[in-house]
Amino acid sequence: EAADKIFEHLKSGIDSEAKGVAIYARGGNDPFFLALQFRVPVENSILFESTPVIYPLIQLKDTYHSFVVVISTEERVRILGVNLGEITESIWTERPELRKRVGREWTKEHYQNHREHRRDKFIKEKVKVIDQLMANNGYSHLILAGNATTTARLKNALPKHLQEKLIDSITIDEKAKTENVIESTLASFIEQEQKESLEAVEMLKREINTNCLAVVGAEDTLKALEAGQVDMLLIDQDYKDDASKEEMIKMAVNTGTKIEFVTDNETLRQIGGVGCLLRYRIPGQYESEQLCWGGLE
């Protein structure tokens with residue numbers, strides 16, 4: 001009964017622009033159906049469980065999380081909020097037209113000076129919009145796109161806290177389609193996400209060797225999640241224990257804990273494929289206490 005609903009939806013309910021689909025279905029006396037579509041690919045799998053399996057979706061969210069793209073030209077700026085490869089917010093801004101005043105009211109020199117002033121003012125206004133958008137909606141990454149000159153001007157105008165969120169500046173043709181620009185920026189975002197995952201593993205390693213504000217292994221990680229002590233959950237992308245993996249992910253989601261998926265990292269695999277950074281620690285609380293004193297290579 002549940003499978004029939006899935007096959008029916010796959011035949012007729014998929015958007016032509018979708019690159020990935022996740023479908024949850026249940027038959028019986030308490031039926032349920034939920035179909036989700038994404039602009040990014042989803043790994044093929046079919047799972048049979050008594051509760052919804054959310055691990056693949058959380059992994060997808062970590063890989064293609066939300067960021068802001070600013071597409072700029074000399075005359076206009078488009079500020080885009082991107083989530084899971086799809087534009088969820090779009091703000092267009094254009095510079096006022098000045099050229100018609102040349103020869104009628106201004107000399108060319110006057111026009112040029114005023115044009116530079118208006119350009120600087122235009123950039124400052126756009127930086128303010130970017131700042132507000134990122135602060136109000138929790139975006140933590142920024143990518144600039146455009147020709148080399150306009151992106152350089154915008155980059156130089158960013159305050160320090162936005163400079164720290166900037167992960168790339170890419171050069172594009174002004175006539176490029178927006179969807180092609182987004183596709184280009186996804187590669188930069190994924191690369192940055194992988195870099196941050198490796199930095200998180202190094203932090204885990206450092207905490208085990210110094211302050212002991214970390215635990216490793218499924219058993220101690222589950223205990224820490226249950227106690228509400230976890231600041232960040234780190235899990236190997238190929239972690240095999242599906243039951244504990246799903247349990248840890250659901251507990252982390254329910255407590256608002258940051259989840260970091262790590263790809264192809266030998267350090268994390270050596271300690272069982274999972275660990276967590278702690279907000280606080282109670283001495284003697286975990287079985288892996290000896291790691292703090294023995295160290296981790």
Verify the neighbour count for atom [atom1] of [X]: are there more than 12 heavy atoms of other residues, nucleotides or ligands below 6.0 Å?
| X | atom1 | answer |
| --- | --- | --- |
| Glu179 | CD | yes |
| Met203 | CE | no |
| Glu43 | CD | no |
| Glu183 | CD | no |

(request) Take Met248 and Leu222 through the test side-chain contact (heavy atoms from CB on, under 4.5 Å) and record every step on the way to the result. (result) CA-CA 6 Å; Met248 285 186 283; Leu222 280 167; 3.4 Å; yes
Examine [X] and [Y] and state if one hydrophobic cluster contains both, with Ile, Leu, Val, Met, Phe, Trp and Tyr joined whenever side-chain heavy atoms are less than 4.5 Å apart.
| X | Y | answer |
| --- | --- | --- |
| Leu198 | Leu277 | no |
| Val230 | Ile54 | yes |
| Ile87 | Phe189 | yes |
| Ile23 | Leu47 | no |
| Leu36 | Val42 | yes |

Measuring from [X]:[atom1] to [Y]:[atom2], what's the distance to the nearest 0.5 Å?
| X | Y | atom1 | atom2 | result |
| --- | --- | --- | --- | --- |
| Asp220 | Leu225 | CG | CG | 11.0 Å |
| Ile130 | Leu133 | CD1 | CG | 8.5 Å |
| Leu233 | Met251 | CG | CE | 10.0 Å |
| Ile167 | Ile170 | CD1 | CD1 | 10.0 Å |
| His141 | Glu193 | NE2 | CD | 6.5 Å |
| Thr221 | Lys245 | OG1 | NZ | 14.5 Å |

Which heavy atom in [X] sits nearest to a heavy atom in [Y], and how many Å separate them?
| X | Y | value |
| --- | --- | --- |
| Ser140 | Met134 | C-CE, 4.2 Å |
| Ala145 | Ile172 | CB-CD1, 4.0 Å |
| Leu268 | Asp236 | CD2-N, 3.5 Å |
| Phe33 | Ile6 | CE1-N, 4.2 Å |
| Lys175 | Asp173 | N-OD1, 2.7 Å |
| Tyr239 | Ser244 | OH-OG, 3.3 Å |

Donor-acceptor under 3.5 Å ([X] side chain, [Y] main chain):
| X | Y | result |
| --- | --- | --- |
| Asp131 | Val127 | no |
| Asn265 | Thr267 | yes |
| Gln229 | Arg279 | no |
| Ser12 | His9 | no |
| Glu260 | Ala200 | no |
| Thr88 | Gly81 | yes |
| Gln192 | Asp168 | no |

(request) With side-chain contact (heavy atoms from CB on, under 4.5 Å) as the test, would you mind laying out the steps for Thr151 and Lys155 before giving the verdict? (result) CA-CA 6 Å; Thr151 54; Lys155 180 180 179 180; 6.0 Å; no
(request) Could you tell me whether Glu191 and Lys195 make a salt bridge, using a distance below 4.0 angstrom between a side-chain N and a carboxylate O? (result) no
(request) State plainly whether the residues Arg206 and Glu202 are in salt-bridge range, i.e. N to O under 4.0 Å. (result) no
(request) Could you give me the CA-CA distance, side-chain angles and deciding distance for Ile190 and Gln194, then say whether side-chain contact (heavy atoms from CB on, under 4.5 Å) is met? (result) CA-CA 6 Å; Ile190 292 171; Gln194 291 172 343; 3.9 Å; yes
(message) Can you confirm whether Ile123 sits close enough to Leu154 that some side-chain heavy atom of one is under 4.5 Å from a side-chain heavy atom of the other?
(response) yes
(message) Could you tell me if the side chain of Glu86 sits less than 4.5 Å from the side chain of Val40, heavy atoms only?
(response) no
Could you pull out all donor-acceptor pairs under 3.5 Å where a side-chain atom in residues 55-68 meets a protein atom, sequence neighbours excluded?
| residue | atom | partner | partner atom | Å |
| --- | --- | --- | --- | --- |
| Tyr55 | OH | Gln237 | O | 3.4 |
| Asp62 | OD2 | Phe261 | N | 3.3 |
| Thr63 | OG1 | Gln59 | O | 3.0 |

(request) Test Arg153 against Ser72 for side chain to side chain donor-acceptor pair (under 3.5 Å), laying out the working first. (result) CA-CA 10 Å; Arg153 286 173 184 160; Ser72 58; over 6 Å; no
(message) If the condition is ring-ring contact (aromatic ring centres under 6.0 Å, His included), which residues does Phe32 pass it with, not counting sequence neighbours?
(response) none
(request) Could you go through the side-chain contact (heavy atoms from CB on, under 4.5 Å) check for Leu80 and Thr178 one step at a time? (result) CA-CA 10 Å; Leu80 306 172; Thr178 302; 3.8 Å; yes
(request) Hydrophobic side-chain clustering at under 4.5 Å (ILVMFWY, transitive links): who's grouped with Ile46? Put none if nobody. (result) Phe48
